[in-house]
Amino acid sequence: MTVFAIVSDIHANLEAFERVLEDIATKDIQDIFCLGDIIGYGPNPRECLELAQKYCRFSMIGNHEEAVMMIAEDFNDRARQAVEWTRNQLNDKTVPREQRREYWNYLDKLQKMEMLEKGRFLFVHGSPRVPTKEYIMPRDVQDAGKMRAIFEMVPQVCFVGHSHVPGVYTEQDLRYIHPRQMKESKFEFPSESKIIINAGSVGQPRDQDPRACYITFTEEWVQFHRVFYNVSAVVEKIQNSGGLPQYLADRLREGK
Ligand code: ZN
């Protein structure tokens, strides 16, 4: 059975990304896919872009990639500060010109949606309705109108990131299930109805668990994985970045 992995919302957290890639390397994985937000918030945007380009078969464009390429119009002040810091890193004159061009070319080619398995699996950053911007949150299962409209656009399985909260959303009974409610964090795909799977976040988890999150999946199931990484090293880099706000370091320790 072919097993794939998905990483999402790396957010320039190199320590977390490296640990996740190491963990993936211990398994028999055919391909790695990325759901976007490789950069933004964290201290190592260049290194994370290089790793994503090297190891991921494709990556979706996230709102943070969009923001560095255009203007961060719908970001709050602190998030915009991180976007500007990131853009400066990618344009840093100490990096060879060719390499800098490579970053922007890579960003430029990222797609909003991808499909696999004859269209059975859909990949987007946020939601199929508004690919880079719409959030699907656990509380949305109470908003049947929103969830129905989104599920209309799901072929059978849709992989999303963006909220940094891992789990499965079911169409049939409109439920959200966190991996800790699953046996061995594994969920079997229902044969008749659709599901949306949030892959969680590698570099900035927000479900009160600071460990990096990623998923593996086959045609039949998805499994959520958590790995420890050196949070303190990243916190220190953010504090010494000369531009990234302190709250971005604090939230890594708490996973929120
Ligand atoms: Zn994100």
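Every number for a ligand or one of its atoms is a count from 1 in the order of the listing.
- Counting heavy atoms of neighbouring residues, nucleotides and ligands inside a 6.0 Å radius, atom NZ of K186 exceeds 12 of them.
- Relative to the six-membered ring of F228, R211 meets both conditions, a distance below 6.0 Å and an angle of at most 45° to the axis.
- Listed by chain and residue number, the protein N/O/S atoms under 2.8 Å of the Zn ion (ligand 1) are D9 OD1, H11 NE2, D37 OD2, H164 NE2, with waters left out.
- Cation-pi geometry between R78 and Y247 is satisfied (NZ or CZ under 6.0 Å from the ring centre, within 45° of the ring normal).
- Side chains of D37 and H125: a donor on one and an acceptor on the other come within 3.5 Å.
- Between E15 and K237 there is a salt bridge, with a side-chain nitrogen of the basic residue lying less than 4.0 Å from a carboxylate oxygen of the acidic one.
- With sequence neighbours excluded, the residues satisfying side chain to side chain contact (heavy atoms under 4.5 Å, CB included) with T94 are D92.
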